[in-house]
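Proteins come first, then strands; the chains are lettered A, B, ... in the order of their sequence lines, and each starts at number 1.
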Amino acid sequence: MITSILSAMVPILLAALGGTLTERAGVLNIGIEGLILTGAFFSVVAVSATGSMVAGLFAGAAAGVALSAVYSVACIELRANIFVAGLATNLFAAGMIPFLSETFFGTRGVVRIAHDSSRIAGDPAIRTAVFALGSIAIAAAVAAILFRTPLGMRIRAAGGNPDALAVRGVSPSRYRRITMLASGAFAGIAGAEIATRLGVYVPNISAGRGWIALVAIFLGARNPIGVVAASVVFAGFEVLSGAAQGFTNVPGTLLLGVPFLVTLAAMIVYSIFGRRTRIQGQPSPNE
Amino acid sequence: MDHPHLVLESLCKTYPDNGVRAVDTCSLTVDRGEIHAIVGDNGAGKSTLMHLVSGVVAADGGTVTLCGVPVHGTADSVAHGIVMSYQTPRLVDELTVLENLFLGEEPRRMHVFFDRRAATDRVATLAPIIPKRMLNRRVRTLSSGQRRIASLVAALLRLPTDRPGVIILDEPTEATTIDETAQIVDVIRHTASGGHAVVLVSHRLQEVASIADRVTVMRAGRFVATMASPVSVADMARLMATDDRPTARSAVLDDRVAATEPDGHGLKLVDVSLTDGDRVLLDALTLELRSGEVTGFVGVRENGIEALELLLSGTARPALGHITTANGRSIAPRGRATLRPGYVPSDRTTRGSAQSGTVQDNLIAVERRRLSRRGIIDTAAARRHAQSCIRALGIDAEANWSMRQLSGGNVQKCILARELAASPGVLVVSEPGWGLDSATRSRVHAQLRRVAAEGGTVAVLSTDVDEALEVSDRIIALHAGRIVADLRVGTASRSAIARLVAGDPTA
Amino acid sequence: MPSIVAVAIGVAVAVGLLVVGSRDPAQSLRAYFVSPFSNRFFFGNMLSSSGYLLVAAIGIVVAFRAGLYNLGGDGQIYVGALVGTYVALAMPELPAPVGTLALLTAAAATGALMAALSGAAKHLWDAPEIITSYLLSAALIPVADYAIAGPLRDPSRSLLASARIPSAYRLSRLLPPSELNTSALVAIALAIALFAWIERTTRGYELRMTGMNRDFAAYVGISRAGYTIGALAVSGALHGLSGGLMIAGTFHAAVSGFSLGIGWNAIAVALVARLDPLLAIGSALLFGYLEAGARTAMLQSDFTFQLGMVVQAVILFFVTGSVLIRSRHQ
Amino acid sequence: RQEPPPTDLFSIGVFVPGVVEGSPTYEMLVAGVERAVAETARASVRVIEGGFNQAQWEQTVVSMAATGDYDLIVTSNPEMPDVVRAVLASFPTQRFLILDAHLANNPMVHTVMFNQREQAFLAGHFAALVSTSPMVDRRSRLRAGLFAGQEYPIMNDVILPSFELGLRSVDPDATVDFRVLGNWFDAGRAAELANSMFATGSDVVLTIAGGGNQGVIAAARDRRRFVLWYDTPGYSQAPGIVIGSTYVALDRAAFERTVAAIDGTLEYGRADVLGVADGYVGFVEDDPLFRRHVDSSVRDALRRMLERFESGEFSLDVRF
Ligand SMILES: Nc1ncnc2c1ncn2[C@@H]1O[C@H](COP(=O)(O)OP(=O)(O)OP(=O)(O)O)[C@@H](O)[C@H]1O
Ligand SMILES: Nc1ncnc2c1ncn2[C@@H]1O[C@H](COP(=O)(O)OP(=O)(O)OP(=O)(O)O)[C@@H](O)[C@H]1O
Ligand SMILES: [Mg+2]
Ligand SMILES: [Mg+2]
């Protein structure tokens, strides 16, 4: 059970950490879903070509960076609406991958990694431990970067008051771009983690994790450590509600909503008791 | 090094959104070690000119050169040693003061980490004006005066240490206390004596006269004169005045209706306390504000002025005690049985105005119901109302401009005009003269006195003792949340009040 | 329309994609761009789906103009439609217009309630509505799925759907054999009314001020609760209404998953229209057109689903880009 | 496969209610029809995908009928009869062949239904055989899993009870652990759910969850358990993990009925039900991976069951 929770947590956490960075820099990353999907696909491409999981993770990160570069060009250079460009990123990924898939693999559907997938994924317990610890370590690193380094200060300034950065001769766009690319890498790795763990790419395999990642960012109060907690909460209830299908008579379909409901409750409880200050830096939707 | 230090040549700027020619072929040379003041009415183009120098606004034409080297854009000007403290401080609320001070030029530890210790030390040696305990506070929690000082220090720290630079200060002494003002003046003198050029934008003509080496007067985007010290206040005022100003704009709000509460005189505070966590902001205050007079409150903001502003305006409720109008109503921004006092808040852009709205949107906000018929806004009436506000205080803008297109002083005028036009029975004004040119400031003072004369209750909260003395009938000094003095104007000297505010009981 | 240049660039890229991605580019292009106008059937269906999208999009406009995110639109539409259908099926004997009204009211009320809950949580506890609206909707969608597959399913039908609503309750068709029905007119009327409301009325003004600066609005005495809970409720009501109109106008039964995705498209429609209800009419038509184009192209050429997504994505990337229209100063 | 239909040929439109890629049954449908077109050389075919929104299928089929281009529209899905009935209301002269569905006595429609009761029964029977064989560590109580993408009528009313019946044909106390993914693609969550199924006593899971099946395979691989495939031979998906596979010969049915339609011999108004005895439903036994990974005792027991079906000694009725 714990292993299941941790392995469900990893991709959400990774994607949410990237999103936390962009959110701190003033970009609500609506495109995470598409970035995860892209990472998953290209990791399968790379693993199929090389037989190495590490190559898969790198390829996933690289693909995520590439797509988020497109996204950031749209948002920053063309000044497209962040929200619309994010939705476009998701559409673009879901629409483009089938073509590439047809080219690489001759199918637009499921792509199994050609190599022995248990060798690629490794021993499940060890793998889960490595990824869980790794992603939590990354969370700590992201927290350190955000709160202890000049880079983090600039990122927070880019979200808090970009003018303050601009008048000091530092371009806020540069830090938005950096965080968007980082978020692309993180989401790409999240996708790659799912795909290499399962040894397969399935169309739409991201399955809403990008949105859950956004939830985790806010439930975690935009703080990497809080985001870890939020990801654990969501993953935990997802696994629990799945387990509940096995021992209750409640229809399975109804149980599917439970993780969302519990997270909603957690969000509200947290809002009532846990938070003294308001979420800052979230631009009003009509600006 | 034969080149003159800072040279502006034929700078021009027309804002395309509203076609305003804010800076019109301005040329100027500023020497090393010089304090050069730029004065002019609100909207004259001072801030725009400074923005052209610091590079945040791109000029349409003309050049800026430093020691003979042309400078383009913010990054370039920062690199050349041109630094600026802005009229609205550009600080990041969720960063600490220390982080804000070094943002963009962070000292590093192990190449990666922000070196707090080195940063703190640098502040202590280069800018002792900022108290050490303030450094780890978030900017969000600072008063306007403290923000101004933080902004100034951020600029100071960026000045090159190995060669002369340029520091531009846009209204550095607005909303600062007497002590703070004195410190800032010291810093300016010290910086100039270190060889840097100081360009100072200010409406405090007295101050300008005493510290500037030369003064340039700006009017409607152009330089009208540059004078060397000594310069008299009267000369500056004469040169600043546009020919039509005093008469063509009507001096009063002409569609004022009778005060809404002719019988509801005064405002009573009984045992009012307010705390923030363990901190006592106000301590069992009992006090009556009489109608027909202007009561001025002076004191450092943390000493209770800020809390009092929230209470008098109905924005916050006292933890203990109560505040009522003479006829027993309570005060609040909204509600059936309550009174919304006219209120000019200390934060002009967060609460005082909707920056993404138009000037008209902002001017009709309080009286939107009166300007509507059966739930539909009467556009003609709304426009008339906006126009009359614009005329009343000589706001330098059209009704359909975005608030962002206004100069600093004109934003303040909009807020004042809106609150004055609503004919409030009770009017609470924080820093009435903030950012206003001296002519407008006098006009605003006259308006406040007029509201009182018509039976209104006016409370002025100010860090500027001179202004408080000028506009008030009665002065109340606060220290540590208590009243330390309650005087009729004319019975106490300026310096005595200043000492009271600073907490000196022997005053 | 300032974004015409941007749309043009987007269309140019899209045409490029069609040419590269198709074996018979001429036929694909014709099918995509011309066919939606080629006969009453395609044309009417295009207008019809634009209408539903428009109602949801102006729901987004209300929320976003008040400075609030409503990301629960998908669920509000779907669950609203389901409840509307349930009411219509539970009361099959009402006089026709009353029955239709009951259906639409129930749908709108459901959407309103869902969104208002997020509004209340925001107002009372400062819970971020951007998250609570999404979560509530995500939690209720499986419940609706369950209801359609279980208790509400019509066992006489092979489709995963409820029984059909009484034919008297259905909206009348305007352009048979297409689906175009009176709801498209309702949508346009609502958009115009919303425009007038936002721009001309006192409450519309208060909503705008709230959206521009919540603290300022409170300071001038505008009700925080009203424009938090109220604005989200109206937003949810319009989403629910959109779902109800789809039932009364086109589908006549709650079909499993029938509306999912429209909530997200509505956000895009509203933002492309820069949150202006009148421009939203145009942008809803643009979306309806892109989708109709993709569908006809699939019928008439080797165009695929995925190509349709890519084309739409490319146009979305460009359509809101302001840098192509006027360079920003300062 | 995408040429516009010339008028002198028998023109066939295939409506796929979903997308072909990733769906073995739709791949069989298209393959069967295309083979018929190729072999007769007297027909043309165009394939149109309807996407996942059921509510839009009707509009698309109406559009197809409205063109008047198609002599026959072929489609496949238990849910299509409803759509087709609605389309026939406006276009009463359009002919339909619907596979994997049942619609009797409609003069324009021929349907072929596969006996999914028998198919699911076979899967259940086999799961029980494996679970009671030396292939797994013996457990006190027999439990097997059924994993579905979503709940839908055939799943709840036919497959689930028949799978249970199959299990109980071996052990009357056996129980089914039925779980739902909620969609047809979230392989990651499918792995979590399957993990939980394997952890709570199931040794074998029958998975009918589209792309989600891949997650079940991953979980089985991690826990060294077994997966059963449905509709198509799945052994090569994961040798040694997918150890059993039922099939429907949808491609053969599509081929034969399409040829009949082209020849003009197809009986419209007829609704066939084809089961194990007819050879259209069964268990894939001829795969080398099956022989390699399944104990002969299990294979023999399964063969005996199949023989009872084939001889007509045993059958399961499909109720409507
Ligand atoms: N060794 C490093 N490790 C981690 N982060 C670094 C390192 N060096 C620089 N950075 C970060 O990368 C960002 C960009 O680096 P750069 O060296 O350009 O900063 P800078 O010189 O302070 O910027 P500028 O010249 O624009 O003022 C900085 O915000 C800094 O925090
Ligand atoms: N961003 C802008 N867009 C359009 N017009 C602007 C903008 N900023 C300033 N202006 C206009 O340019 C003129 C000069 O403004 P500026 O801010 O330079 O005045 P100022 O002299 O600093 O006034 P103040 O004393 O009030 O600060 C004014 O008419 C103002 O309305
Ligand atoms: Mg200025
Ligand atoms: Mg550098």
Side-chain angles (χ1 to χ4, degrees), chain A residues 28 30 34 70-71 73-75 77-85 87-99 108 203 208 211-212 214-215 217-219 251-265 267-273 275 278-279 282 284-287, chain C residues 6 21 60 63-69 71 121-122 124-128 130-132 134-143 145-146 149-150 208 211-214 264-265 267-268 271-272 274-275 304-324 328:
Chain A
L28 179 66
I30 296 289
V70 175
Y71 182 20
V73 165
C75 292
E77 265 65 46
L78 304 180
R79 299 215 181 89
N81 179 287
I82 287 168
F83 211 110
V84 175
L87 293 176
T89 302
N90 296 337
L91 265 182
F92 187 76
M96 207 62 204
I97 290 172
F99 289 111
R108 288 196 236 142
W211 299 103
I212 299 304
L214 284 185
V215 170
I217 295 166
F218 287 92
L219 183 57
T253 308
L254 276 182
L255 289 170
L256 296 172
V258 168
F260 296 99
L261 210 57
V262 173
T263 310
L264 177 61
M267 181 86 245
I268 288 176
V269 168
Y270 178 67
S271 300
I272 297 174
F273 299 107
R275 189 192 324 239
R278 282 195 284 159
I279 288 180
Q282 179 56 54
S284 168
N286 56 1
E287 278 189 8
Chain C
I60 292 296
F64 281 31
R65 285 295 279 271
L68 299 163
Y69 283 97
L71 298 197
K122 163 115 182 161
L124 295 175
W125 309 303
D126 218 3
I130 184 173
I131 295 308
T132 59
Y134 170 76
L135 284 174
L136 185 60
S137 154
L140 291 185
I141 286 172
V143 177
D145 279 339
Y146 168 75
R208 282 192 287 128
M212 285 179 192
N213 183 344
R214 301 186 82 72
W264 298 107
N265 281 347
I267 294 178
L271 288 171
V272 167
R274 301 187 179 178
L275 304 180
T304 60
F305 233 64
Q306 291 87 4
L307 193 55
M309 286 162 116
V310 176
V311 170
Q312 207 182 44
V314 166
I315 290 179
L316 283 187
F317 271 134
F318 282 94
V319 79
T320 59
S322 60
V323 74
L324 300 164
R328 268 232 307 251

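- Heavy atoms closer than 4.5 Å to chain A are found in the side chain of Ala121(C), but not in its backbone.
- Comparing Thr304(C), Val311(C), Leu140(C) by how many heavy-atom pairs each has under 4.5 Å with chain A, the most go to Thr304(C).
- If you measure heavy-atom distances from Leu136(C) to chain A, the contacts under 4.5 Å come from both the backbone and the side chain.
- Applying the ring pair (Phe, Tyr, Trp, His ring centres under 6.0 Å) criterion to Phe260(A), with sequence neighbours excluded, gives Phe234(A).
- Ser137(C) does not touch chain A: none of its heavy atoms, backbone or side chain, sits under 4.5 Å away.
- Between chain A and the residues Leu307(C), Ile131(C), Leu124(C), Ile267(C), the most heavy-atom pairs under 4.5 angstrom are made by Ile131(C).
- Across Gln312(C) and Leu91(A), no two heavy atoms sit closer than the pair OE1-CD1, 3.2 Å.
- Remark: Phe218(A) CZ to Tyr134(C) OH distance equals 13.5 Å, nearest 0.5 Å.
- Of the two parts of Phe317(C), the backbone and the side chain both hold a non-hydrogen atom closer than 4.5 Å to a non-hydrogen atom of chain A.
- Nearest approach of Leu271(C) to Asn81(A), heavy atoms of both residues: CD1-OD1, 3.4 Å.
- Partners of Thr89(A) under the side-chain hydrogen bond (donor to acceptor under 3.5 Å, both in side chains) rule, at least two apart in sequence or in another chain, do not exist in this structure.
- Considering every non-hydrogen atom in both Leu316(C) and Ala88(A), the closest pair reads CB-CB, 3.6 Å.
- Asp145(C) is not listed as a side-chain neighbour of Leu256(A), based on a closest heavy-atom distance of 4.5 Å or more.
- Of all the heavy atoms in Pro98(A) and Gln306(C), the pair that sits closest is CG-CG, 3.2 Å.
- Nearest heavy atom pair, residue Pro142(C) against residue Thr253(A), reads CB-O, 3.3 Å.
- Here the closest non-hydrogen pair linking Thr132(C) and Met267(A) is CG2-CG, 4.0 Å.
- The part of Leu71(C) that comes within reach of chain A is its side chain, from C-beta onward, which places non-hydrogen atoms under 4.5 angstrom from that chain.
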